[in-house]
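Below is one structure, written out as structure tokens, with a few remarks after it.
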Amino acid sequence: MGNRKFRKMLTMTLVLAMTAALTACGQEKAQKEEKTEKEPEETVKEDPAENLFWNQFDGGTSEGLYVCQAQSFSEGATWITLKDPGKADQTMLIDEKGNVLYKRPLLTWDEERNRAPELSEYTNFSHGVSFLSDENDQVLVNTDGEVVWSVSEDGWKEAERLFGEGSVEDVTADNDTLDDRGGFFNGYLEVSIDVNTFEHTGTMEGILKPDGTWLVEPQEITVHLNSDWNVAAYDYQTANGRRGTKAIRLETGEIYDGGQTEAVAGQFNDLTDVVDHSILNDFTQESFNDIDEWGNDQSAQVYVRRWLRDDAASKQEGLLYDEDQKAFMDKDWNKVIDLSEYHFITSQAGPYDPSEFKDGYSFLPIKNPDGAPYFTLIDKSGQRVFEPVKYPDGITGYCAYVTGDRFLITNTVQPQFYAFAAADYQVDDEHVGPVYYDLSGKPLSISYPVMYPYVDGIALVADENEHYMYIDEEGNELFARP
């Protein structure tokens, strides 16, 4: 009996203890919840204008601040350069909302020599990166604003790893896009390293991939990297000491060896000649024959020409223009669109070709039977989108870029991010010339002295003072200064 009574009392004690503990936990939880309700976490309100590029200029506020250099958007980002006249410039990477993703150091006016700083040079984005060069460095930057590779850090570090500490005299990066401000940057860089050791003194060259690693490690070769192509070529020394050339597909790393180039009579083995040729549309059936019309053996080059043709076709919606046949061809060189019925506007150098297909359309600069200039668009079936329209006064360009529901006739035949239209003369002190057109050939009521094609609904334009700005499809200015 005593044991049962003792166990009963012990059980009741444990129950009471557990009840008390649960009650205490419940009260503590309730107190925490009550405290949370009474003391909410403080939230930080972000100012949407704070990161706008106007407010990120490191040279302070100035009424005269303006965008002195800019580029069309590509892959969702672009470069601009802000100028405070007589004081400083600064280059920034912005997104499609005008927010700063990355910025270069402020470049100040040289007061001693009364000289403005040299403007930064930069390219479009491709494979997620862009190349920028200024007086401080050369960098590869991605669309998130991260420096993937720089000459000052990665370039020198890699050079000394490859050739030894103290043996490197200079490291530079290059892409021909910066040379003429007109090439399409393909994401790859030519890197040159000047080496001076007892064993060897000279320049080593290599090819850098968009991720900052080597596609071709620097060595004693001469690289030919044409930014219009996804194919490069380089010279090398053959086993018998002769000069040879190889071509490489940048995206796959596939290499084709053209062999020896010297002292081979009647043979065209030099692959650098093919890659250095920068006109994407300059292909004819003759280009792909093993023997040319003069009896020369060009079979070594044909293989690489096919690479280039496939590359060009991928950029031009699968259709390439053959000027000999006056037709658009597919990548297997079958005739798809016959344009022999048209007479194209000509220059001293010959007729202007149709523009490459963009968003399903090609622009034709044509003449009527009496030689007057007209233009029209065709679709991928070869049908005219609208009847030919008389060429506008003040426009001398014969290339156009269709983006979405509009197109722009440009003064230059260049890749989309660099082609522009500009007024060629003035009437009554007003600019006359460029406008955007809709797909019926009618001009839109949006006109500036300098205009670039739309990219994803945003266009780069400039006023008569060469102050750059971006506009939407209605012509409204974006990222206006607060």
request  = Determine, step by step, whether E217 and R161 satisfy the salt bridge (charged side-chain N to carboxylate O under 4.0 Å, His left out) criterion, reporting the C-alpha distance in whole Å, the side-chain angles of both residues, the deciding distance to 0.1 Å, and the verdict.
outcome  = CA-CA 12 Å; E217 276 200 355; R161 178 187 71 83; 3.7 Å; yes
query = To the nearest 0.5 Å, how far apart are CG in D134 and CG in L119?
reply = 10.5 Å
task = If the plane angle is over 60° it's perpendicular, under 30° parallel, otherwise tilted; pick one for Y437 and F407.
result = parallel
query = So with a 6.0 Å cut-off around CD of E466, is the heavy-atom count from everything else above 12?
reply = no
inquiry  = Closer than 3.5 angstrom, by distance alone: can the side chain of Q71 be matched with the main-chain N or O of I80 as a donor-acceptor pair?
reply    = no
query = Distance only, no hydrogens: is a donor on one side chain within 3.5 Å (strictly under) of an acceptor on the other, for Q69 and Y122?
reply = yes
request  = For E153, look at atom CD and say whether over 12 heavy atoms of other residues, nucleotides or ligands are found less than 6.0 Å away.
outcome  = no
key: Atom of T143, atom of F125 and distance for their closest heavy-atom approach   = CG2-CD2, 3.5 Å
inquiry  = One pair to check against side-chain hydrogen bond (donor to acceptor under 3.5 Å, both in side chains): Y398 and D353. What are the steps and the verdict?
reply    = CA-CA 8 Å; Y398 300 101; D353 291 341; over 6 Å; no
request  = Check the surroundings of atom NZ in K380: do more than 12 heavy atoms from other residues, nucleotides or ligands lie under 6.0 Å from it?
outcome  = yes
ask   = Taking the six-membered ring for Trp, are the ring centroids of F363 and F375 within less than 6.0 Å of each other?
value = yes
task = Check the surroundings of atom NZ in K103: do more than 12 heavy atoms from other residues, nucleotides or ligands lie under 6.0 Å from it?
result = yes
ask   = Which is it for T172 and D170 under the side-chain contact (heavy atoms from CB on, under 4.5 Å) test, yes or no, and what are the steps along the way?
value = CA-CA 7 Å; T172 57; D170 194 21; 3.7 Å; yes
request  = Might you work through the ring pair (Phe, Tyr, Trp, His ring centres under 6.0 Å) test for Y352 and F344, ending with a clear yes or no?
outcome  = CA-CA 6 Å; Y352 290 99; F344 291 100; 9.8 Å; no
key: Polar contact flag, side-chain donor to acceptor under 3.5 angstrom, S130-T123   = yes
task = State whether the side chain of Q138 and the backbone N or O of D174 hold a donor-acceptor pair below 3.5 Å, judged by distance alone.
result = no
query = What pair of heavy atoms forms the shortest contact from T238 to R243, and how long is it?
reply = CG2-C, 4.1 Å
inquiry  = Centroid separation under 6.0 Å, is that true for the rings of H200 and F163?
reply    = no
ask   = Are side-chain heavy atoms of L408 and M451 found at a separation under 4.5 Å?
value = yes
key: Reported CG-to-CG distance for the pair D89 and L82, which is rounded to 0.5 angstrom   = 9.0 Å
ask   = What about the rings of Y256 and Y303, do their centers lie closer together than 6.0 Å?
value = yes
request  = Using the side-chain contact (heavy atoms from CB on, under 4.5 Å) rule, take R242 and Q237 through it: C-alpha gap first, then chi angles, then the decisive distance, then the call.
outcome  = CA-CA 6 Å; R242 300 284 188 174; Q237 193 174 65; over 6 Å; no
key: side-chain contact (heavy atoms from CB on, under 4.5 Å) between V129 and F185, worked out   = CA-CA 9 Å; V129 294; F185 177 57; 4.3 Å; yes
ask   = Hey, are R306 and D310 close enough for a salt bridge, meaning a charged N less than 4.0 Å from a carboxylate O?
value = no
task = Give a yes or no on whether the backbone of L271 and the side-chain of T245 come within a donor-acceptor separation of less than 3.5 Å.
result = yes
ask   = Heavy atoms, side chains only, cut-off 4.5 Å: are V148 and V139 in contact?
value = no
ask   = Would S362 and S355 satisfy side-chain hydrogen bond (donor to acceptor under 3.5 Å, both in side chains), going step by step from the backbone distance to the final call?
value = CA-CA 5 Å; S362 172; S355 297; 5.6 Å; no
remark   = Heavy-atom closest pair (T197 atom, S167 atom, distance to 0.1 Å) is CG2-CB, 3.4 Å
message = Quick one, F288 with R305, criterion side-chain contact (heavy atoms from CB on, under 4.5 Å). Give me CA distance, side-chain angles, the key distance, then yes/no.
response = CA-CA 7 Å; F288 305 105; R305 284 199 184 113; 3.8 Å; yes
ask   = Can you tell me if D463 uses its side chain to pair, donor with acceptor, with the backbone of H467 under 3.5 Å?
value = yes
remark   = So CD of E356 and CD of Q316: to nearest 0.5 Å the spacing works out to 4.0 Å
query = What pair of heavy atoms forms the shortest contact from G64 to P85, and how long is it?
reply = O-CD, 3.4 Å
remark   = Shortest non-hydrogen pair, P434 vs S447, comes out as O-OG, 2.6 Å
request  = For this output row, return yes or no: ring centroids of Y454 and Y436 closer than 6.0 angstrom.
outcome  = yes
request  = Say whether N196 and T201, considering side chains only, have a donor N or O and an acceptor N or O under 3.5 Å apart.
outcome  = yes
message = Quick check for you: to the nearest 0.5 Å, what is the distance between K331 atom NZ and L320 atom CG?
response = 11.0 Å
query = Can any side-chain N or O of R104 pair as donor or acceptor with the backbone N or O of M92 at less than 3.5 Å?
reply = no
query = Got a donor-acceptor contact below 3.5 angstrom from the D359 side chain to the G404 backbone?
reply = yes
inquiry  = If you compare all heavy atoms of V231 against all heavy atoms of V304, which two are closest, and at what distance to 0.1 Å?
reply    = CG1-CG1, 4.3 Å
ask   = Is it true that the side chains of E190 and H224 contain a donor and an acceptor less than 3.5 Å apart?
value = no
inquiry  = Under a 3.5 Å distance rule, please check whether T203 uses its side chain to pair with a backbone N or O of D194 as donor and acceptor.
reply    = no
query = Any donor-acceptor pair under 3.5 Å linking the side chain of D322 with the backbone of A327?
reply = no
ask   = Where does the angle between the aromatic ring planes of F479 and F53 fall among parallel (under 30°), tilted (30 to 60°) and perpendicular (over 60°)?
value = perpendicular
query = Short question: side chain of E75, backbone of G128 - any donor-acceptor pair under 3.5 Å?
reply = yes
message = Is it the case that the ring center of F73 lies less than 6.0 angstrom away from the ring center of Y470?
response = yes
message = Is it true that Y102 and D144 share a donor-acceptor pair across their side chains at a distance under 3.5 Å?
response = no
message = Just by distance, no angles: are the side chains of S126 and N186 close enough, under 3.5 Å, to form a donor-acceptor pair?
response = no
Whether D332 side chain and N334 backbone form a donor-acceptor pair below 3.5 Å = no
